[in-house]
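Note that the coordinates shown come from a computational prediction; the quantities given were computed from them, not determined experimentally.
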Amino acid sequence: MAIDSSVTSVLPDTAKSTAPPASGVVIETRNLSKVYRDFWGRRKVAALKSLDIEVRQGEIFGLLGPNGSGKSTTIKLILGLLFPTSGRVLVFDQDATETRKNERIGYLPEESYLYKFLTTDETLDFYGRLFDLSTEDRKRRIDELVEMVGLQGARHRQLKEYSKGMTRRVGLAQALINNPDLILLDEPTTGLDPIGSRDMKDLILSLRDQGKTVLLCSHQLSDVQDVCDRVAILHQGELKELGRVSELLKVQDVTEVHARGLSEAAKQEIAEVIRRHGGQVESIDNPTTTMEELFLNIVRESERRPGARRVASEGGNATGAAAANAEAGR
Amino acid sequence: MTLQPDDFWSFSEWLLRPESFLESALLQGVVLLAFATLVGLLVAYLVSAVRYGPSEGFYAVARGVRDLFRDDLPGTSPRRIFALARLAYKEAIRRKVLVVVALFLVGLLFAGWYLDPRSSDPARLYISFVLTSTNYLILLLALFISAFSLPADIKNRTIYTIVTKPVRATEIVLGRMLGFVGVGTLMLVPMGLASYFFVVRGLRHTHEVVDIKELGDGRFSGKLSYDQFHEHTFTLEATGDTDGSVLEGVTDYVRGHRHIVRKVGDRYVIGEPTGALRARVPSYGELSFTDRSGNLDVKGIDIGAEKGRGDYGSAGIARLVGVSREARRMEFGYVEGGTLGSAIYGFKDVTPQRYPDADGIPMEMALRAFRTIKGNIVSGLSGSITMRNPDNPKIESTPINFVVQEYDVSEERLPRQIEGTDGDQIRTLDLFQDLVTPDGRLDVIIRCIDRQQYLGATSSSVYLRPAESSFAWNLFKSYFSIWLQMVMVIAFGVMFSTFLSGPVAMVATFVCVLLGFTAERIYDIRYYLDKGEAMGGGPIESLVRLVRQDSMTTDLDVDAIAAKLIKGVDSVLVYTLDVIATSLPNLPKMLSTAEYAASGFDIFGSLLARHAVATAGYVIAAFLIGYFFLKTREIAA
């Protein structure tokens, strides 16, 4: 069921015919603008204003922004699905409208726009045939991808019978069919349950570990925070912030200490030390885990020990939850 | 079946028209292509000039052309085309278009009720029914599957996952076309097979012997029962077997067929109907006339209104630029009876190898009759056939008399041995040694015997029949013609669907087909306009006449300035329509191959070749136009 991210590493390097550009810059937008016009050429909305970003090789780059901020427009411009009103997009040092660049690109659209009348096998076979893959390579790759996204049991069912999450997995598999160097993910975790979402994030990280470049756009802030090396924040078509996630999120004048097994007296003493050094204690508290961690731990435990889980009444001591929390805190 | 003059053209004659190159199909194709390219470049420049400015626009167009020849055409991969074609094919199949085949079969089951069994030529009725119904059904289907698929992909955004792969616009357009042609073919095959069996089985019937009497000399004559709304008479003769118990004979021709009747002992065996489903292979001759005093004449006598219906169909550019104006029409020339007037058919390739039959050369005639006096109305007009050596007119056979069967094809045989004159002496002439020249030419002279009566002949009225092709093969050729039309419609549908939404693309394709069917009417309007003949005028003038309830042939009764304005606008409209109609495929011409099969004529290979080449030309044009629109389109817009 899980997306087994280790599988990708054994995949053949078929699409690596051309070496990555020497500069290490995979995507470069120069003064990129897009104005949507109506049928009569009248200006409707400026979706993107003078965007200048560089995505470097081997990083996970996040495009962040509220709805209508120009994230999708940027991705579509990079893919050549839209033509820029002014400015340029270079992908692998080629123009974005160049078809040949697609040999090294994998794209997972916002929703999986796939042919509903095809089965999983047929879908992957079809997309595989669009690349220069030999028949054996294609077959092997399809088997690997199906296993990776965990759809072994549903290979011969038409996609119209699939749930949203399953279609999403097929979409992911088709995006990786050519073992791409650059992967563009448009809202990668929408429609996935927390496990699928975590698997997706693990996969994105493992793709980076294989030296691939990932560009994703999302409005799920936690996704971006979890996986991205660098982010660009867009608002109303303009670039508002660009930088490393770790640096952007660091609060310079706050210090965090994590410790285990301290008594109340020890805590008092530490607070005293802080005060003595002129600092200000904002809170001393037990950390809470995230809902995501809690959910994942419950599911992991349930997979280890199937059967109904005893849920204690509210306020009582829920052993399972406590155990999960303890595990999360460790 | 009477043929139009351009039906006789061989493939190379049609393509090149050596004497009048302006009419050649090749020239028309080249001009159309050049014209389309020019218009395409101009429109492309205007659009990109508005979008990017005048100089940037020029570079954008130049880049587009460069990309086609430098990247997209060489980069087009058969593997991807095939993958996309398979997708289109699967889509259509999974959307259950094959139900149409089932509907067609159900339709055939009930069709028997509505086809009039009393028809004088049931074979023609059955064949033209199956061919026309399949033709329109397939074209309609081609229209639907081709126009909606690509717009649906763009609307559902499934196209995103395709164009972000290394797929070129050429491959998308070609893949669609190929896939839909595959679907169409898959549907046409069962429909064709079903049609074949429907025709063969629908015409099959038998009779019983109801009346028989001995004629005295060992022969019998009898009558068959009244079945399927007709009856036959027949005679039986001994077959010459040992004990004389087996008699055999044939019935008369009724409704285009006859039966073989055998008497074995006391039992009668009546065979299947034969002769209804034919595919005659005709060999036509060059027609010339002599006038009443025997002098050579080109046209024969015009008895008035003898120009048959015809079309401009293959007039090519010559008609568009006004060099040749009138429709090309077949004409009947008449021969006066009891005079030296005659119609002379000069046949070629008359060799014993081609006509091996010992009974003589089969010849068929479909002549017209024109009477100036009542005469003997029971027996019909009589004429004569004379064979003559074209190199030595003194060698001539004695005339063979025949009675003209109007509205019907009469079969004759030119005998191998015949009495005739060789200069001054009368002797038995051998057809191939004396009458036919060493290079295989033979003149056949048709005369009318009855005084003051006339026989009408045109090039297709008299022909030799060197062979008979199989009906099944001929039906296959008709279906091939339908297939070509389907390919044409699919190409247009896919082309329009690259830049229009589904319903609009369908209507656009439909309008193109429709314009093809009304092209001849448009040519006529232009012809009258050029000639200054009042025949209702163009669209605006016709509208005015309709509202004012004016007759078509009167002068337009409005004041001078208004008339000038109306006629001015009309001529612009009509000339524009003319250009458009000339650029579109001539589907009715392709549709008319069904007439060959229905009339029992082998469809000429040259005719099919012409259609095939024209189809290929239009498919290439549609492919290029579709490519440019898809390439320059913002898929995600």
Side-chain angles (χ1 to χ4, degrees), chain A residues 15 34 36-41 72-73 75-86 95 97-119 122-123 125-133 135 158-160 170-171 174-175 177-178 180 184 186, chain B residues 47-53 56 60 63-64 67 70-72 74-96 149 152-172 175 179 630-637:
Chain A
K34 177 69 191 172
Y36 287 111
R37 293 175 193 275
D38 69 359
F39 180 79
W40 304 107
S72 275
T73 303
I75 289 220
K76 283 170 184 165
L77 283 165
I78 290 168
L79 286 164
L81 292 172
L82 289 174
F83 305 148
T85 309
S86 67
D95 198 87
T97 51
E98 178 61 49
T99 315
R100 226 171 277 131
K101 74 173 196 311
N102 293 344
E103 299 270 3
R104 300 170 60 194
I105 289 184
Y107 169 54
L108 175 68
E110 195 173 341
E111 281 166 48
S112 296
Y113 304 124
L114 300 169
Y115 291 95
K116 301 257 183 286
F117 53 85
L118 294 179
T119 66
E122 284 171 335
T123 305
D125 185 62
F126 165 66
Y127 288 111
R129 278 170 194 270
L130 300 181
F131 291 95
D132 285 313
L133 289 173
T135 314
Q158 289 187 22
L159 297 194
K160 63 183 171 201
V170 183
Q174 69 79 25
I177 192 95
N178 56 329
L184 295 116
D186 199 345
Chain B
V47 169
S48 36
V50 166
R51 208 181 277 174
Y52 307 113
E56 255 315 291
R63 262 202 307 278
D67 280 356
R70 199 193 58 180
D71 299 331
D72 286 341
T76 300
S77 117
R79 189 190 65 252
R80 282 194 288 265
I81 294 176
F82 186 66
L84 288 159
R86 262 191 13 165
L87 180 79
Y89 172 84
K90 271 188 191 156
E91 180 188 9
I93 299 297
R94 304 246 159 110
R95 296 233 162 108
K96 305 196 171 53
S149 171
D153 258 21
I154 293 172
K155 204 174 154 209
N156 300 336
R157 304 178 183 187
T158 37
I159 194 95
Y160 286 12
T161 49
I162 296 196
V163 293
T164 52
K165 303 278 185 288
V167 175
R168 297 174 187 279
T170 48
E171 291 158 350
I172 295 178
L630 198 61
K631 174 93 178 171
T632 52
R633 181 175 177 161
E634 280 190 299
I635 297 290

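Taking every heavy atom of both residues into account, A:R100 and B:D71 meet most closely at NH2-OD1, 3.5 Å. Shown here for B:L84 and A:L130, the closest heavy-atom pair between the two residues is CG-CD2, 4.3 Å. Here the closest heavy-atom approach between residue B:K90 and residue A:F117 is recorded as C-CE1, 4.1 Å. Across A:F131 and B:P166, no two heavy atoms sit closer than the pair CE2-CD, 3.1 Å.
Using a 4.5 Å cut-off between heavy atoms, A:K160 does not touch chain B at all. Only the side chain of B:D153 has a heavy atom closer than 4.5 Å to any heavy atom of chain A. Of the two parts of A:L118, the backbone and the side chain both hold a non-hydrogen atom closer than 4.5 Å to a non-hydrogen atom of chain B. Only the side chain of B:R94 comes within contact range of chain A, judged by heavy atoms closer than 4.5 Å.
Using a 4.5 Å heavy-atom threshold, the side chains of A:Y115 and B:I162 count as touching.
Between A:L108 atom CG and B:Y160 atom OH the span is 14.0 Å, to the nearest 0.5 Å. Rounded to the nearest 0.5 Å, atoms CD (A:Q174) and OG1 (B:T164) are 6.5 Å apart.
No other option in A:R37, A:E98, A:K116, A:K76 has as many heavy-atom pairs under 4.5 Å with chain B as A:K76. By number of non-hydrogen pairs under 4.5 angstrom with chain A, the leading residue of B:R633, B:K165, B:R80 is B:K165. Among the candidates B:E634, B:E171, B:R95, B:R86, the residue making the largest number of heavy-atom pairs closer than 4.5 Å to chain A is B:E634. Among the candidates A:D125, A:N102, A:T97, the residue making the largest number of heavy-atom pairs closer than 4.5 Å to chain B is A:N102.
Although no hydrogens or angles enter the test, the distance criterion places a donor-acceptor pair under 3.5 Å between the side chain of B:R79 and the main chain of A:R129. Of the possible donor and acceptor atoms, none in the side chain of B:R157 sits under 3.5 Å from a partner among the backbone N and O of A:Y113.
Residues B:T161 and A:Y127 have side chains that bring a donor and an acceptor to within less than 3.5 angstrom of each other.
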